[in-house]
Amino acid sequence: MVESRHKIESRTWHVQRAHLLIASMRRFAEQLRASGFNVDYRVAPTMGHGFREHCAEHSPASVEATEPNSRAARALLEQLGVHMVPSNQFLCHPTDFAQFAATRKSYKMEDFYRWQRRRLAYLMDGDEPAEGRWNFDEFNREPPPKPGTVEWPSPLLSELDHVDMAVVRDVADSTFGEQPVGLWPTSRAEALRRLDHFINNSLSAFGPHEDAMVSYNWHLAHSMLSPALNIGLLLPAEICDRVEVAYREGRIPIQSAEGFLRQIIGWREFVWNLYWIQPAEYALMNELNATMPLPPVFTNAAQSNMNCVRSIINDVNDRGWVHHIPRLMVLGNLALIAGINPQEFTTWMWDAFVDSAEWVMVPNVVGMSLYADGGILATKPYAAGGAYIDRMSDYCKPCAFNRKNRVGEDACPFTTLYWDFLLRHETRFVRNPRIATQVRAAQKLKDADAVRSRAREVLSALQSGTL
Ligand code: SF4
């Protein structure tokens, strides 16, 4: 095993992400040794250095590895002559995806998801989806419940030990954010404990409120399994098997089982395969010509009067994690409608989230969130004003801005920028049936000039860190 200093020190990671990766590696090495394996664990300047040092000392006849999850790592292993075998971290290998893609001109997540359901036989009754439909999204968009009306099981914590303390010391100089408290599991046993906890205590409540955001509870019924899943402490098949069993035993409703399964075998695997099917240049796309540098609010939440953004950035700083809706509909949405450079925003997301990796961040940010691929991944830009955030959260009431106003000093920046975004890109999006109605509404605005003028003020304040 090689702990690459370059990997850790070349960027400013969230400390909980760096800790998760390194502590998991060191703990795994300890467990392998305890089980009788001979482990050569090296801290080296780079993966290549560590590999060459190992080969020089031990002269292995051959080296075998599971396929790594990034282009760069695969290229390195090819260059080093390592024999790679398929990984079990995903259920749809790119060679499987090629069969799905062969029969289609464009790739839609919904088609892929149904293909996966049939192929893997999750939540299927013969050839038909369980309970007669593929999609229960319409039951899974409940607004945020009032405090005290739903019980949200508290996340499990693991006690930090000498391994954790040593890692925290080792990464202190190149990281940011609050120190680990044992939230993210760094061993197989602790990851399995989180999986049990989710299936038995949270999953039944997951579906209805999966899109809600509340300031009084950061986790709701989300699984928070993605950090363990994305580094291989959990495998997708075992998670899906547990969901299937819990549903068949009548312990969770279909809307929760289906909504969660859609995330695992649908979105996650779709994004994974798009990463491989697109050329490396996909990461550099910027179809909407978004040029604003990353504004200071992303690195210093105290600078913002926007209650939603301030709360969510504080959550990211505290844990390196927020669920998919704050990521997509607040942070990503702000970057989209403000015109923040997609590559700068991708880098920030990649550094700041515990469950990140190139394969997940590039398609999700460049494609899904910022529409910088011109619609290869998403069929519409996920742009929204304050009305959406107000409907799905409790952030707006105490905010300094008024989510209903698009012009004026107290206008909600999301509302102003949403209308300005539609006006800026009206020619492109008026042809898109999924968003044409909103564009036509923007074209009819009587105060369009005032919106544009207020948007200029908002963008300037965002850039100077005074919004
Ligand atoms: Fe966010 Fe606007 Fe709501 Fe304030 S009013 S919390 S800025 S959406």
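What's counted below: heavy atoms across the whole structure, side chains too, no hydrogens, waters or symmetry copies. Residue numbers run from 1 in the order of the sequence given.
- In terms of modelled atom types and a separation under 3.5 Å, the side chain of Asn230 and the main chain of Asp355 share a donor-acceptor contact.
- Comment: Arg242 does not engage Glu238 in a salt bridge, judged by the lack of any side-chain N to carboxylate O separation of less than 4.0 angstrom.
- Take Glu287 and apply the side chain to side chain contact (heavy atoms under 4.5 Å, CB included) test, not counting sequence neighbours, and it matches Met285, Arg428.
- Residues satisfying the side chain to side chain contact (heavy atoms under 4.5 Å, CB included) criterion with Ala73, sequence neighbours excluded, are Pro68, Ser70.
- Contact detail for Asn333 and Ile389: the closest heavy-atom pair is ND2-CD1, 4.5 Å.
- Under the rule for a side chain to side chain contact (heavy atoms under 4.5 Å, CB included), the partners of Cys92 that lie at least two apart in sequence or sit in another chain are Asp96, Phe97, Phe112, Trp115, Gln116, Arg119, Glu269, Asn273.
- Ion pair Arg248/Asp125 flagged as a salt bridge, since at least one NZ, NE, NH1 or NH2 atom sits closer than 4.0 Å to an Asp/Glu carboxylate oxygen.
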Tell me which donor-acceptor pairs under 3.5 Å the side chains of residues 75-87 have, and how far apart each pair is, sequence neighbours excluded?
unit_1 : atom_1 : unit_2 : atom_2 : d
His83  : ND1    : Glu64  : OE1    : 3.3
Ser87  : OG     : Gln89  : N      : 2.9

Just distance, no hydrogens or angles: give the donor-acceptor pairs under 3.5 Å from side chains in residues 362-374, sequence neighbours left out.
unit_1 : atom_1 : unit_2 : atom_2 : d
Asn364 : ND2    : Val360 : O      : 3.0
Asp373 : OD1    : Gly375 : N      : 2.9
Asp373 : OD1    : Ile376 : N      : 3.4
Asp373 : OD2    : Tyr282 : OH     : 2.6
Asp373 : OD2    : Ile376 : N      : 3.4
Asp373 : OD2    : Leu377 : N      : 3.0

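- Using a 4.0 Å cut-off between a side-chain N of Lys or Arg and a carboxylate O of Asp or Glu, Glu110 and Arg104 do not qualify as a salt bridge.
- Of all non-hydrogen atoms in Arg71 and Pro279, the two that sit nearest each other are NH2-C, 3.9 Å.
- Annotation: side chain to side chain contact (heavy atoms under 4.5 Å, CB included) contacts of Ala455 (sequence neighbours excluded): Thr416, Leu417, Asp420.
- Remark: the backbone N or O of Arg403 is paired with a side-chain donor or acceptor of Thr415 at under 3.5 angstrom.
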